[in-house]
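Following: one structure in structure tokens, then a few remarks.
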Amino acid sequence: MSDTKTSSVARTTRIDNNRTIYKFAGMAEDSNSVKAVEKELKDPGLSGDALVVNSKKKKAKAKGKAKPQHEGKEKTHRKMKTPKEESMDFEDSGDRSSQVNVKEEPEEDPDFVTKGNGKKRKRKVDNTDGPSSTSEASLPKKKKKKPAEEGQENSATVKKKFKGKKEKVIKEEGGRSVSTKKKKTKEEIETARALKIKKKEEEEKQRWRWWEEEKYEDGIKWRFLEHKGPYFPPEYQPLPDDIKFYYNGKPVKLSLPAEEVALFFAQMLDHEYTTKEVFRNNFFRDWRKEMTLEERQLIMDLNKCDFGELHAMHKQKVEARKNLNKEEKLVNKEANQKIVDEYGYCVLDHHRERIGNFKIEPPGLFRGRGDHPKQGMLKKRIQPEDVIINCSKDSRIPEPPAGHRWKEVRHDNTVTWLASWTENVQGSCKYVMLNANSKLKGEKDWEKYEVARKLKTCVDAIRAQYQEDLKSKQMGTRQRAVALYFIDKLALRAGNEKEEGETADTVGCCSLRVEHITLHDTLDGHKCVVEFDFLGKDCIRYYNKVPVIKRVFKNLKLFMENKQEGDDLFDRLNTQMLNKHLSSLMPGLTAKVFRTYNASITLQQQLKELGNMKDNVAEKLLSYNRANRAVAILCNHQRAPPKTFEQSMATLQSKIDSRKEQLDLAKKELKQAKKEAKGSSDNKLLIVVEKKKKAVQRCEEQLLKMEVQATDREENKQVALSTSKLNYLDPRISVAWCKNMEVPLEKIYNKTLRDKFAWAIDMTEHDFVF
DNA sequence: GACGCAACTTAGAATGCTATAT
DNA sequence: ATATAGCATTCTAAGTTGCGTC
């Protein structure tokens with residue numbers, strides 16, 4: 001809501017991004033040719049009795065979900081997040097219709113055509129069956145590794161260690177000559193580099209190249225699994241005697257369980273959560289359950305509770321931890337490392353694999369997103385007696401903490417989890433699973449992208465089909481077609497039904513309700529515009545105005561007939577039906593595959609459009625980020641603008657300004673020098689001219705770099721790039737792009753990402769096409 | 001076929017760490 | 001030398017999907 005302020009720079013680019021997105025995302029519109037429109041006009045449409053009956057029939061939901069949730073126009077109350085910018089607004093939508101031809105592109109993509117069928121086919125045979133294939137052809141080409149090449153990354157850490165040493169030396173030897181120091185540093189840097197390279201090589205050698213192995217038969221996830229069990233958080237430490245809780249102004253010594261929960265609340269006092277009515281009520285109810293009878297009789301009103309001292313103590317502790325000196329921090333770090341070494345790894349089929357979340361979640365107050373009805377409830381401490389262990393029969397069974405036992409030890413190799421427990425707030429299962437760089441996760445990820453690539457081969461047929469289905473006599477089929485149109489065009493999530501009162505009120509495609517869309521016959525000169533406004537996953541607002549094809553528009557009108565706020569838009573459709581239909585069109589196809597597919601294909605297309613080999617690395621990276629951003633906007637990946645955003649933008653701008661002045665000065669000097677050198681053959685003067693020229697050039701380069709950075713940052717203000725990078729973009733597209741553009745991969749993938757996508761980095765050649 | 005649960009992926013916020021500016 | 005911006009990592013909530021059960 002506060003976003004109208006967005007600067008023109010950001011706005012322009014965003015619109016650009018949208019525009020490009022729609023080039024492909026609107027493909028469904030393509031066939032909205034004159035003919036199609038004419039046909040539609042002739043469409044007898046909704047005269048069928050069945051349809052009318054259907055539309056009136058209330059969905060037989062056991063939970064009776066379709067009750068209006070808000071009287072009148074209270075809609076805005078649910079909007080927890082800043083709206084998606086007006087960028088999704090109109091100017092750009094004009095382009096959508098004008099992009100009609102471009103939208104066909106994937107099929108006619110020069111890449112696919114010019115590369116020749118043979119090659120393309122071969123690639124398909126090679127890769128499309130991906131991780132699930134056991135054929136030799138599917139094995140990635142072996143590559144010589146070049147560990148030295150990537151040697152950069154750890155230098156920082158190693159260097160730092162040596163820096164510490166250096167300082168010591170200087171201190172001890174006081175006035176030693178500068179040259180000695182420098183020499184030493186150089187040597188050290190050399191050693192550091194060597195060390196780093198070695199480490200890297202070591203790491204590479206240790207890496208399990210599972211993608212070169214055969215896949216297990218269906219359903220089997222491992223043959224051998226051994227681990228130490230999860231790590232439990234430390235027991236509660238009682239408050240020191242001088243820290244007191246007050247009720248109604250009088251100090252009250254709480255029982256241990258009540259005190260622990262009180263501290264949970266006190267720790268959060270700076271957070272907005274603790275001011276919310278729902279949070280406070282839930283907390284208070286659960287807190288009282290932990291109290292002794294006397295406590296419960298005394299403490300009747302949360303407003304009379306004074307957590308001030310507990311809060312202050314907590315803040316002090318945080319501060320103290322921050323202010324630890326180097327040695328103390330190192331001690332802590334080593335202690336943590338020890339825990340990781342002991343509990344953070346498991347052995348899976350002869351390989352040591354990192355566990356993703358080996359720590360049991362500590363107790364605390366539940367922090368749901370948005371208006372969660374359960375926010376503030378007590379999340380209880382998990383005991384070993386709550387935990388199920390999963391491992392090999394013939395492995396060393398993990399020992400429960402002293403005096404405890406496990407809830408159960410099982411040996412189920414059709415699942416990937418090592419431990420699980422049931423969480424008390426929502427009653428759902430929590431799992432300990434492997435890290436993203438593990439075989440189990442990586443293989444699945446690879447498979448995901450292969451399914452998305454397979455969709456590419458049949459997406460046209462599927463689109464044609466749902467276009468056709470828009471005219472179906474069956475209401476359910478029509479609804480399915482419209483939903484699919486949204487999912488494909490707008491990358492909406494499937495939208496499962498949710499139990500009312502258990503979670504925040506959020507929706508996806510299939511669970512859209514009539515109040516979430518507004519139909520405009522015309523809006524700002526566009527016809528058939530659908531205005532979306534709803535809260536999606538994590539209560540992130542989705543706001544978008546989209547022109548749709550006429551048939552979709554007409555159907556939407558029909559679906560909304562005789563309905564009121566709170567009623568489902570697609571009352572004859574749910575995600576199961578939708579997915580069942582999809583899987584009949586292509587094995588493995590589900591609603592979310594469209595998100596993966598559209599995200600990846602957008603990236604590939606954007607990279608092709610934006611990239612310019614002549615650009616310098618900074619500009620290339622800006623292009624990459626823009627392509628990435630186009631995807632993030634499509635998928636509605638938002639983030640809260642960084643707290644320091646305005647300020648950091650201002651500092652950057654002032655830097656740019658001062659650099660500009662410098663540049664002006666340098667230019668003047670160059671002019672002057674040229675003047676002086678003119679006619680003269682004095683070598684010295686010529687040299688001066690050259691020098692000045694270089695200075696100007698340098699200035700220009702730096703200025704450009706900063707300006708690029710400023711643009712990038714501005715455009716990124718509330719767009720989260722990481723989510724799509726991590727979950728939606730086929731890494732092979734990025735790897736191939738880096739190879740083609742001669743950009744070091746480290747510039748776009750950090751260490752974690754490189755680790756996660758090791759399979760892609762290893763197998764991708766420059767000619768990879770999604 | 002509704003329902004609920006199990007298992008797994010996707011998500012943004014919170015926190016931690018490091019490189020860089022001052 | 002220290003502060004801090006910004007990236008990386010951790011955390012865990014919130015989705016999707018498939019399956020078994022009645």
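Chain identifiers are assigned alphabetically (A, B, ...) following the order of the sequence lines, protein sequences preceding nucleic acid strands; residue numbering begins at 1 within each chain. Computed from a predicted model, the values in this text were never measured in an experiment.
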Pair of N/O donor and acceptor under 3.5 Å linking B:dT10 base with A:Lys537 side chain: yes
Below 4.0 angstrom from OP1 or OP2 of B:dA7, is there any side-chain N or O of A:Lys444? no
Please work out if A:Ala504 contacts a base, only the sugar-phosphate, or nothing of the nucleic acid, heavy-atom cut-off 4.0 Å. nothing
If each of A:Asn336 and A:Asp445 is mapped to the nucleotide of DNA chain B with the nearest heavy atom, which maps nearer the 5' terminus, i.e. the 5' end? A:Asp445
Please tell me which of the listed nucleotides, C:dG15, B:dT9, C:dA14, lies nearest to the side chain of A:Arg369? C:dA14
Rounded to whole Å, please give me the gap between CE in A:Met268 and P in B:dA13. 15 Å
By the 4.0 Å heavy-atom rule, please label A:Thr506 as base, sugar-phosphate, or nothing. sugar-phosphate
Taking the side chain of A:Lys441 as heavy atoms from C-beta outward, which of C:dT17, B:dC8, B:dA11 is closest to it? B:dC8
B:dA7 phosphate, OP1 or OP2, under 4.0 Å from A:Lys221 side-chain N/O: no
Judged by each residue's nearest nucleotide on DNA chain B, which is more toward the 5′ side, A:Ser420 or A:Arg493? A:Ser420
Start with the C-alpha gap between A:Asp386 and A:Trp406, add the side-chain angles, then the distance that decides, and say whether side-chain contact (heavy atoms from CB on, under 4.5 Å) holds. CA-CA 7 Å; A:Asp386 304 318; A:Trp406 301 119; over 6 Å; no
Mind checking whether A:Tyr543 and A:Phe534 have ring centres under 6.0 Å apart? no
Would the A:Tyr749 and A:Phe757 ring centres measure less than 6.0 Å apart? yes
Side chain of A:Lys359 (C-beta onward), nearest among C:dC11, B:dA14, B:dA11: C:dC11
Side-chain atoms of A:Asn579 come closest, of B:dA11, B:dC8, C:dT17, to C:dT17
Pairwise side-chain contact, A:His311 with A:Gln267, heavy-atom cut-off 4.5 Å (strictly under): no
Among C:dA14, C:dG15, C:dC11, the nucleotide that comes nearest once only the side chain of A:His372 is considered: C:dA14
Given C:dT17, is OP1 or OP2 found less than 4.0 Å from the side-chain N or O atoms of A:Thr590? yes
Which nucleotide in the set B:dG12, C:dA13, C:dG15 lies at the smallest distance from any side-chain heavy atom of A:Lys498? C:dG15
For C:dG6, does either OP1 or OP2 sit under 4.0 Å from a side-chain N or O belonging to A:Arg713? yes
Taking only the side-chain nitrogens and oxygens of A:Thr503, find out if one of them lies under 4.0 Å from OP1 or OP2 of C:dA13. no
Side-chain N or O of A:Asn357 versus OP1/OP2 of C:dC11: is the shortest distance under 4.0 Å? no
At under 4.0 Å between heavy atoms, what does A:Ser722 touch on the DNA or RNA strands: base, sugar-phosphate, or nothing? nothing
Qualifying residues under side chain to side chain contact (heavy atoms under 4.5 Å, CB included), relative to A:Asn750, sequence neighbours excluded: A:Thr752, A:Leu753
Quick one: which of B:dA7, C:dA14, C:dG18 gets closest to the side chain of A:Phe366? C:dA14
Nucleotide of B:dA11, C:dT17, C:dA13 approaching A:Lys592 most closely (side-chain heavy atoms): C:dT17
The side chain of A:Lys379 is closest to which nucleotide in this list: C:dA14, B:dT9, C:dT12? C:dT12
Taking only the side-chain heavy atoms of A:Asn496 (C-beta and beyond), determine which of C:dA14, C:dT16, C:dA13 contains the nearest atom. C:dT16
Examine B:dC17: is either OP1 or OP2 under 4.0 Å from a nitrogen or oxygen in the side chain of A:Arg321? Give yes or no. no
Answer yes or no: does a side-chain N or O of A:Lys430 lie under 4.0 Å from OP1 or OP2 of C:dA13? yes
Quick one: on DNA chain C, does A:Arg354 or A:Gly495 contact a more 5' nucleotide (nearest heavy atom)? A:Arg354
Could you tell me whether A:Glu353 and A:Lys441 make a salt bridge, using a distance below 4.0 angstrom between a side-chain N and a carboxylate O? no
State whether A:Gln576 places a side-chain N or O below 4.0 Å from either non-bridging phosphate oxygen (OP1 or OP2) of B:dG1. no
When rounded to the nearest 0.5 Å, the distance separating CG of A:Asn390 from CE of A:Met433 is 10.5 Å
Closer than 4.0 Å, any side-chain N/O of A:His271 to the OP1 or OP2 of B:dA13? no
Just N and O in the side chain of A:Tyr728: are any of them under 4.0 Å from OP1 or OP2 of B:dT9? no
